[in-house]
Amino acid sequence: MCILSRKFYSRPALAVARDLLGCRLVRLQNGHRLAGLIVETEAYQGEEDLGCHASAGKTPRTTVMYGPPGHAYVYFTYGMHWLLNAVTDTEGVPAAVLLRAVLPLEGQETMAANRPYLARQPGWTDGPAKLTQALGIDGAFNTADLCSRENTLWIERGDIFPDEVVQQTPRVGLTSVPEPWRSIPWRFCVDGSSDG
DNA sequence: CGGCCGATTATCT
DNA sequence: GATAATCGGCCGG
């Protein structure tokens, strides 16, 4: 196993989003090791990107995105969901990659306990809020350093998916974001990935 | 301080 | 496909 380094994250979000496919999201919870294969990501890059939360400028919520790469940006939405991002690019440039789907690899019993509702059903970790639930990730992880072994959340290098099985599409859910940001193909997903 | 809206999900038709 | 659930962030007054 090899924890992704600060250098890995020190690139534009688009490059990091592509390269995170095939990596393993790992969480240590009560001595249990939970891991998921990353199969879907989205890039959010800079204040100019009107789909990015940082397009509103530096606020208490978005400050972490302006900080050094390799930290977690975890935010709350729709009154009930936590979404996990990895901060990328250089300090001062707000950029992040949203983790949108994983395939369960390790610790599925604990993941099922974290997410009893529809646990082990097809697609039970294939959404940005589903995976945070399964891995027990919430706002307490906001700003956490993903490059430190002292923490209980990180990403490990995995097998790289070839371009032939990687699809690039517009980002999901940006209903009121103006063009071209709404349609720019900054979502990456692995063809045919499913636990069904 | 009020109001709108959201990087979603599960359920119902 | 449509929609309720549910609340913090952000903006305007």
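What you see below is based on every heavy atom in this structure, not just the backbone, and it leaves out hydrogens, waters and symmetry mates. Lettering of chains follows the sequences in order, A, B, ..., and the numbering in each one begins at 1.
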Please give the stem ranges for DNA chain C, sorted by first residue number, where a stem is three or more consecutive Watson-Crick or G-U pairs and both donor-acceptor distances are under 3.5 Å.
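DNA chain C stems, ordered by first number: B:1-6 with C:7-12, B:8-12 with C:1-5.
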Pick the P atom in B:dA7 and in C:dG1, then give their distance to the nearest Å.
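Roughly 22 Å separates the two P atoms.
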Say we look at B:dC4 and C:dA4: how far apart would their P atoms be, to the nearest angstrom?
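Straight-line distance between the two P atoms is 16 Å.
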Which atoms form the tightest heavy-atom contact between A:Ala96 and A:Met65, and what is the distance?
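Here A:Ala96 and A:Met65 meet closest at CB-SD, 3.8 Å.
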If you look at every heavy atom in A:Pro128 and A:Leu98, which pair is closest and at what distance?
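Smallest interatomic distance, heavy atoms only, reads CB-CD1, 4.4 Å.
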To the nearest 0.5 Å, what is the distance between [atom1] ([X]) and [atom2] ([Y])?
X	Y	atom1	atom2	answer
A:His32	A:Arg27	NE2	CZ	11.0 Å
A:Arg157	A:Ile3	CZ	CD1	11.5 Å
A:Phe8	A:Ile155	CZ	CD1	7.5 Å

Side chains of residues 71-86 of chain A: which donor-acceptor partners sit under 3.5 Å, not counting sequence neighbours?
| unit_1 | atom_1 | unit_2 | atom_2 | d |
| --- | --- | --- | --- | --- |
| A:His71 | ND1 | A:Thr143 | O | 2.9 |
| A:Tyr73 | OH | A:His53 | ND1 | 2.7 |
| A:Asn85 | ND2 | A:Tyr73 | O | 3.1 |

Provide, to the nearest angstrom, the distance between the CH2 atom belonging to A:Trp82 and the C1' atom belonging to C:dC7.
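In whole Å, C:dC7 C1' lies 10 Å from A:Trp82 CH2.
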Sole candidate of A:Thr132, A:Leu37, A:Val102, A:Leu135 that passes side-chain contact (heavy atoms from CB on, under 4.5 Å) when paired with A:Thr125:
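Only one option passes, and that is A:Val102.
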Same apolar cluster (I L V M F W Y, side chains within < 4.5 Å links), A:Trp154/A:Val39
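No, because A:Trp154 and A:Val39 fall into different hydrophobic clusters, even though each may have its own neighbours under 4.5 Å.
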I need a per-nucleotide contact map over nucleotides 1-13 of chain B, read 5' to 3'. Cutoff is protein heavy atoms under 4.0 Å; write B for the base, S for backbone only, - otherwise.
-----BBBSSS--
Would one find a side-chain N or O of A:Thr59 under 4.0 angstrom from OP1 or OP2 of C:dC10?
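Indeed, a polar side-chain atom of A:Thr59 lies that close.
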